[in-house]
Amino acid sequence: MAGACSTLCLIIITIFIPPLGVFMIAGCGVDFWINVLLTCLGYFPGHIHAFYLEYIYYDRRNRDPLTRASQRPAPGVYSDRIQNGGLRHVPAGQTYGTI
C-alpha cells in the first residue's frame, strides 16, 4: 500500500509542478534540467516529459531483475536511476571485497 500511496503523491505533485516530480525520481541531473526548460517553454511539454519519465521509472522498477539487466536503454532518458527503476545496478564481473 505504501508503494501505491507514494506513486499517487508523485503523480499529484507532477500535475502541479512537473520539474519537482522529475527531481524526486531522477535527482538534479540532465532529465531535471530538460524538464525545467520544457516547462518554461510550455506547461504541457513539461507534463508530457515528466509523465514519460515516471512511466519508464515505474515500468523498470516492477520488472524482474534479470530482464531489467538485459533491456535496452529507454530513448530520451539520461538518468541511470530512471533506467534502472531506482535500483542499484552493479556491472557484470565487478566484485567487491572478494578474491
Side-chain angles (χ1 to χ4, degrees):
M1 186 66 179
C5 184
S6 66
T7 303
L8 183 62
C9 289
L10 183 64
I11 289 172
I12 291 171
I13 289 170
T14 304
I15 288 172
F16 294 110
I17 308 168
L20 183 58
V22 173
F23 178 76
M24 292 175 73
I25 61 169
C28 188
V30 175
D31 290 319
F32 170 73
W33 291 110
I34 289 172
N35 193 270
V36 167
L37 179 67
L38 287 172
T39 304
C40 289
L41 292 174
Y43 203 59
F44 291 113
H47 274 96
I48 293 168
H49 182 254
F51 284 121
Y52 171 71
L53 293 178
E54 289 175 12
Y55 170 76
I56 296 295
Y57 177 78
Y58 283 109
D59 180 54
R60 302 280 170 106
R61 185 177 202 151
N62 294 331
R63 287 192 182 184
D64 181 39
L66 294 176
T67 59
R68 189 180 316 119
S70 65
Q71 66 192 358
R72 294 183 356 192
V77 178
Y78 299 100
S79 171
D80 287 336
R81 190 170 172 191
I82 293 175
Q83 293 284 1
N84 297 325
L87 304 172
R88 276 188 81 200
H89 175 68
V90 178
Q94 188 174 22
T95 57
Y96 295 152
T98 58
I99 298 176

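Predicted, not measured: the structure shown is a model, and the values here were computed from it.
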Would a hydrophobic clustering, with Ile, Leu, Val, Met, Phe, Trp and Tyr connected at side-chain separations under 4.5 Å, put Val30 with Leu41? no
The reported gap from CD1 in Ile15 to CD1 in Ile11 (rounded to nearest 0.5 angstrom) is 7.0 Å
Would you name the heavy atoms of Cys28 and Trp33 that are closest together and state the gap between them? SG-NE1, 3.7 Å
Do other residues, nucleotides or ligands put more than 12 heavy atoms under 6.0 Å from Tyr58 OH? yes
Where do Arg81 and Met24 come nearest, in terms of heavy atoms and distance? NH2-O, 3.9 Å
Minimum-distance pair of heavy atoms, taken over all atoms of Gly46 and Thr39: CA-OG1, 3.5 Å
If Ile, Leu, Val, Met, Phe, Trp and Tyr residues are connected whenever their side-chain heavy atoms lie under 4.5 Å apart, and connections chain through other members, are Val22 and Leu20 in the same group? yes
Might you point out which heavy atoms bring Tyr52 and Pro75 nearest each other, and give the distance in Å? OH-O, 2.7 Å
Drop me the distance from Asp31's CG to Leu38's CG, to the nearest 0.5 angstrom. 10.5 Å
Interatomic distance, CD1@Ile25 vs OG1@Thr14, rounded to 0.5 Å, equals 7.0 Å
OG (Ser79) and CD1 (Ile34) are apart, to the nearest 0.5 Å, by 11.0 Å
Hey, is the main chain of Val77 close enough, under 3.5 Å, to the side chain of Gln83 for a donor-acceptor pair? yes
Over 60° means perpendicular and under 30° means parallel, so tell me whether Tyr43 and His47 are parallel, tilted or perpendicular. perpendicular
I need the minimum non-hydrogen distance between Pro18 and Asn35, along with the two atoms involved. C-OD1, 3.3 Å
same_hphob_cluster(Phe44, Ile12) at 4.5 Å side-chain heavy-atom cutoff: no
Main-chain N/O of Asp80 paired with Asn84 side-chain donor or acceptor, under 3.5 Å: yes
To the nearest 0.5 Å, how far apart are OG1 in Thr7 and OH in Tyr57? 8.5 Å
What is the distance from atom CG of Leu10 to atom CZ of Phe51, rounded to the nearest 0.5 Å? 8.5 Å
Closest non-hydrogen atoms of Gly21 and Ile13, given as atom of the first, atom of the second and distance, are N-CG2, 4.1 Å
